[in-house]
Amino acid sequence: MNRFKSVTKPLMWSMALLLAAFVAGCGGDGSSTSPTASGIGRGLDGVGKGAAPVVLGAAGNFVILAQSGISTVPNSAVTGDIGVSPIARGGITGFSETMDSTGTFSTSTQVIGKVFAADYTSPTPSNLGTAVLDMQAAYTDAAGRPADFTEVGAGNIGGMTLPPATYKWSTGVSIPTDVTLNGGPNDVWIFQISGGITQASATKVILTGGALAKNVFWQAVGVVALDTSAHMEGIVLSQTAITLATGATVNGRLLAQTAVTLQMNTVTQPAP
């Protein structure tokens, strides 16, 4: 019952609608005949429990991975490796990187880690190619998971406390005020978003109950945009661009099938 009390009204309305669909689709023996009843009958404590995290493969070796470029307005502070492919080193701008003597990576005072590009010395091009393919596979995996809840808050999740589950929207998602993800260290959240993500200035994604950023996945078709001083938790899988305004911070990974744009940001890879 405590879990139910922590769920906000919009989520409860969504749950009620799904329950109605379940009841309407049940046969005389109580079995469900409706595909819309997915997740109903387990209760909120069952939703998301035991769900497998999205497998990142080699993409999980990078805190930022992009296909068409990574740019920064100095100084940003990035903890973890960054890479671009298939674009060459020219797609990395603002980092003032220094090439290592091996030619396989470069370094930057803004990156606690290594910098990789598709035109560096072997085996870097091959490794990056594998990472990009794994990034795309992870995006497809996240997008294909069965949804527990759909259209929660009509895409506005500000102020909500969300239990572990797979959430799906046919539109974009906005975070105008703080949103809390409450669950344990083995719980998984997957957000399937047909549009983009817009996070307002100074808002936060907050993890409670032992929840870990490595188990939170934001799969978005459109642009993921964090406004000034916003804080994001989790793995962002974007089919298009990821942009961070001045002072925005991320505990997670930024994996974009186009470009990642930073502006004096802090991006830290999640704890294993």
Side-chain angles (χ1 to χ4, degrees), residues 53-142 212-219 224 226 232-244 246-272:
V54 174
V55 176
L56 299 179
N61 295 329
F62 297 88
V63 65
I64 304 177
L65 180 64
Q67 292 186 240
S68 63
I70 303 172
S71 65
T72 183
V73 174
N75 282 317
S76 290
V78 179
T79 300
D81 293 346
I82 70 173
V84 294
S85 181
I87 199 169
R89 182 180 181 181
I92 302 173
T93 59
F95 287 93
S96 301
E97 66 274 19
T98 300
M99 182 64 71
D100 182 73
S101 60
T102 65
T104 58
F105 68 91
S106 59
T107 58
S108 168
T109 58
Q110 299 179 67
V111 180
I112 302 176
K114 298 177 180 179
V115 181
F116 297 91
D119 57 342
Y120 286 6
T121 301
S122 180
T124 297
S126 176
N127 291 343
L128 283 170
T130 299
V132 167
L133 290 176
D134 287 349
M135 172 177 69
Q136 294 169 340
Y139 177 92
T140 300
D141 177 15
L212 298 177
K214 69 175 184 177
N215 293 329
V216 178
F217 301 90
W218 304 86
Q219 173 264 316
V224 177
L226 278 59
M232 169 63 74
E233 294 272 350
I235 314 301
V236 179
L237 294 159
S238 175
Q239 192 175 58
T240 51
I242 302 172
T243 63
L244 277 61
T246 304
T249 60
V250 175
N251 177 36
R253 303 185 191 278
L254 303 178
L255 308 178
Q257 295 180 39
T258 61
V260 174
T261 303
L262 306 180
Q263 184 165 309
M264 294 178 281
N265 305 119
T266 300
V267 182
T268 305
Q269 62 188 358

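Here Leu128 contributes atom CG and Leu133 contributes atom CG; the two are 11.0 Å apart, rounded to the nearest 0.5 Å. The structure places CZ of Phe95 at 4.0 Å from CD1 of Ile82, a figure rounded to the nearest 0.5 Å. The structure places CG of Asn215 at 12.0 Å from CD of Glu233, a figure rounded to the nearest 0.5 Å.
Between the side chain of Trp218 and the backbone N or O of Ser238, no donor-acceptor pair lies under 3.5 Å.
Between Ala131 and Leu65, the shortest heavy-atom contact is O-CD2, 3.7 Å. Here the shortest heavy-atom pairing between Asp141 and Val55 reads OD2-N, 3.9 Å. Here the shortest heavy-atom pairing between Ala117 and Ile92 reads CB-CD1, 4.2 Å. Summarising the geometry of Leu226 relative to Thr249, their closest heavy-atom pair is CD2-O, 4.1 Å, with the distance given to 0.1 Å. The minimum heavy-atom distance between Thr104 and Pro123, with the atom names listed, is CG2-CD, 4.4 Å. Val54 and Ala142 get closest at one heavy-atom pair: CG2-CB, 3.9 Å.
When the side-chain contact (heavy atoms from CB on, under 4.5 Å) test is applied to Pro270, the partners found at least two apart in sequence or on another chain are Ala213, Lys214, Ile235, Asn251, Arg253. Ile87 is linked by a side-chain contact (heavy atoms from CB on, under 4.5 Å) to Val84, counting only residues two or more places apart in sequence or in another chain. For Asp134, there are no salt bridge (charged side-chain N to carboxylate O under 4.0 Å, His left out) partners, not counting sequence neighbours. Evaluation of the side-chain hydrogen bond (donor to acceptor under 3.5 Å, both in side chains) rule for Ser101 yields no partner, not counting sequence neighbours. With sequence neighbours excluded, the residues satisfying side-chain contact (heavy atoms from CB on, under 4.5 Å) with Ala118 are Ser85.
The side-chain hydrogen bond (donor to acceptor under 3.5 Å, both in side chains) contacts involving residues 262-272 comprise Thr246-Gln263, where partners must be two or more places apart or lie in separate chains. Applying the salt bridge (Lys or Arg N to Asp or Glu O under 4.0 Å) rule to pairs touching residues 57-79 yields nothing, sequence neighbours excluded. Judged as a salt bridge (Lys or Arg N to Asp or Glu O under 4.0 Å), the pairs with a partner in residues 69-94 (not counting sequence neighbours) are, in order, Arg89-Glu97. Applying the side-chain hydrogen bond (donor to acceptor under 3.5 Å, both in side chains) test to residues at least two apart or on different chains, the pairs with a partner in residues 107-131 are Ser106-Tyr120. Pairs passing the side-chain hydrogen bond (donor to acceptor under 3.5 Å, both in side chains) check and including a residue from residues 57-74, sequence neighbours excluded, read Gln67-Gln136, Thr72-Ser76.
A 4.5 Å side-chain heavy-atom check between Val115 and Ile70 finds every atom pair outside the cut-off. Val78 is listed as a side-chain neighbour of Leu262, based on a closest heavy-atom distance under 4.5 Å.
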Go through Leu255 and Tyr139 one step at a time and tell me if the side-chain contact (heavy atoms from CB on, under 4.5 Å) criterion holds. CA-CA 9 Å; Leu255 308 178; Tyr139 177 92; over 6 Å; no
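Note on ring orientation: taking the six-membered ring where Trp is involved, the planes of Phe62 and Phe116 are perpendicular (angle over 60°, cut-offs 30° and 60°).
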